[in-house]
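Convention: sequence-line order gives letters A, B, ...; per-chain numbering from 1.
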Amino acid sequence: MSDQNTPKLEDIVSLCKRRGFIFPGSDVYGGLSGTWDYGPLGVALKRNVMELWWKMFVEDADNMYGIDAAILMNQKVWQASGHVDTFTDPLVECSNCHGRFRADKIDTSKCPTCGKSDTFGDPKQFNMMFETKIGPLAHERELILSEEFLRGLLDKLDENGEVQYKMVDEIHRGSSDVGANTVYLRPETAQGIFTNYKNVVDTFYPDVPFGLAQQGKAFRNEISPRDFVFRSREFEQMEIEYFVHPDNWETAFEEWVAKVHDWCRALGLPDESVHELEVPEADRAHYSKRTIDFEFDFPIGREELLGLAYRTDFDLQNIQRVSGKSMEYRPKDGGELYVPHVIEPSFGLERAIMAVLTAAYTEDEVNDEKRIYLKLPEHLAPVKYAVSPLLKNKPELVEKAKEVYAQLKKQHGAVMWDDNGNIGKRYRRQDEIGTPYCVVIDFQTLEDNTVTIRNRDTTEQTRTSISEL
RNA sequence: GCGGGUGUCGUAUAGCGGUUAUUAUCCCAGUUUUCCAAACUGGUGAUCGGAGUUCGACUCUCCGCACCCGCACCA
């Protein structure tokens, strides 16, 4: 349901490329599906969102600890977490209509699409995790074990063919097993937190409830990445695992619902565009006892912005089982040992940025002309102030403006110099990148050291003295 | 991954089996300009990639790649 205030996705994509926020990944080489690169303004916006998150949830809280785990992890992590099993789907393809289906979800004797019988071959494993190898000989080994290569070779041999085929099958079976040198690019950042739970408890002795927070890249081999940065193969997550006593999970869950709404407001998202979806059991992840998806009215429709899940003690119990190390928490008041339960708010950074852009993108009609501007919250805007001389062919104005620019730059950092074209043109350009204030040095400045400050949203100007900037 | 569509300067576009590849805007340099995309001058910049057909391909054919729509997938 998008009302007329929701911008079109193509308008946002276009503005992002035109003004240097977000470009297609590997653009000069024709692109790479499912990847996006951030330009100068995009990375500024992205960092502002990340820093806001870190400040709100880590620095401003007194029971939160930050960590930053490696992307590559021991493969046992993913066996313990269930990802090796649940991220691997057996898929079958119909030789008649080429439809693809989960082999474990349909009757494979008959194609549900075209109705033909016995059109399915053997199921093939499809895993959403990117896999790579540790060690320098990895690729050589893969080449030797290529089934196609070996079969092609053996097709040329008449004698003992049968024996040789058997050998190929054995070798191939061996290579499709997960070798000791196989590692995965993490499909979620959460496990990097769980694997460090014990280290943090042993070094900081935090009181429950406490949380561990992390920001970082995650990778999923999506079948079809789509909708701009909404679903891509490489993305950034901001996650918190909040450890609670099992009796208190419901209270903590409700607290986090409120905090999530605070976060959405800090991003400048209107309350009426954010929706809670209680995820029914059948749709929940394998580890979760309760999940709320927070959805947002994106240009592509109402879709998930972030998730809040009660993960029980699923992860810590798994680590305890697989590693053999105790994950029990010892209360300082001498109470009984227990394995803490976990509330997990999980934020997608790119989705947050897309929501921010959606909420900020505004088109106004001014004198029959369209004015496009990004109504970004001040703390997220890539550029806070643009400084201009009213006229650039008057050296005294330019000189004074440069002084003001240097002063503001020292104070705020995110300040841009702009003397291109005429003043109206500069305002429009700054509008499009969401700069909240344009500071202009004019002839009056030379007399009384005051400048005009033009407001992005109202286009009104006020005159202020330089010292009060 | 399947089916359908699309692919020309940064953006938006025109056109053609043989062009100096059109126009606007953006961008850059300059003139001008006392507050909301004014004007003028000059400039950079594109046929998605690779094969094939042809004397000659941006144009036709095939194969890749990317994007859009639908299906499926979505821990």
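The separation between A/Leu15 atom CG and B/A12 atom C1' is 15 Å, rounded to whole Å.
Salt-bridge formation is not detected for the pair A/Arg454/A/Glu460: no Lys NZ or Arg NE/NH1/NH2 atom is positioned less than 4.0 Å from an Asp or Glu carboxylate oxygen.
Listed nucleotides B/C35, B/A66, B/U33 differ in distance to A/Ser33; the shortest reach to its side chain belongs to B/A66. Here the side chain of A/Ser224 is nearest to one of B/U34, B/A72, B/C26, namely B/A72. When the nucleotides B/C28, B/C69, B/U33 are ranked by their closest atom to the side chain of A/Lys394, B/U33 comes out on top. Of all nucleotides listed (B/C27, B/C69, B/C36), B/C69 comes nearest to the side chain of A/Asp227. Candidate nucleotides B/U11, B/A38, B/U33 were compared by shortest atom distance to the side chain of A/Lys17, and B/U11 ranks first.
Close to B/U33, at under 4.0 Å from its OP1 or OP2, lies a side-chain N or O of A/Asn393. Taking side-chain N and O atoms only, A/Arg19 has no distance below 4.0 Å to OP1 or OP2 of B/C26.
Both A/Gln461 and A/Pro225 lie close to RNA chain B; mapped to their nearest nucleotides by heavy-atom distance, the more 5′-ward contact belongs to A/Gln461. Nearest-nucleotide positions on RNA chain B place A/Thr452 closer to the 5' end than the other of A/Thr452 and A/Arg226.
Remark: the A/Lys400 side chain and the A/Asn449 side chain contain an N/O donor-acceptor pair separated by less than 3.5 Å.
A distance of about 40 Å separates the C1' atoms of B/C26 and B/C73, rounded to the whole Å. Between B/C63 and B/C27, the distance separating the two P atoms is 42 Å to the nearest Å.
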- request: Show the numbers, then the answer: is there a ring-ring contact (aromatic ring centres under 6.0 Å, His included) between A/Tyr310 and A/Phe253?
  value: CA-CA 7 Å; A/Tyr310 170 43; A/Phe253 196 94; 7.3 Å; no

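The pairing partner recorded for B/U47 is none, the criterion being a Watson-Crick or G-U wobble arrangement whose two distances lie under 3.5 angstrom. Base pairing of B/G30: its partner is B/C40, meeting the Watson-Crick or G-U wobble criterion (both donor-acceptor distances under 3.5 Å). Across every strand in view, B/G52 sits in a pair with B/C60 that passes the Watson-Crick or G-U test at under 3.5 angstrom. The nucleotide B/A14 finds no pairing partner, because no Watson-Crick or G-U wobble arrangement with both distances shorter than 3.5 Å includes it.
Residue A/Gln444 is classed as having no contact, given no heavy-atom separation below 4.0 Å to the nucleic acid. Nucleic acid contact class of A/Arg371 (heavy atoms, under 4.0 Å, all strands): none.
Checking A/Trp256, A/Trp263, A/Trp54 one by one against A/Phe347, the ring pair (Phe, Tyr, Trp, His ring centres under 6.0 Å) holds for a single residue, A/Trp263.
Contact check for A/Glu350 versus A/Trp36: no side-chain heavy atoms found under the 4.5 Å cut-off.
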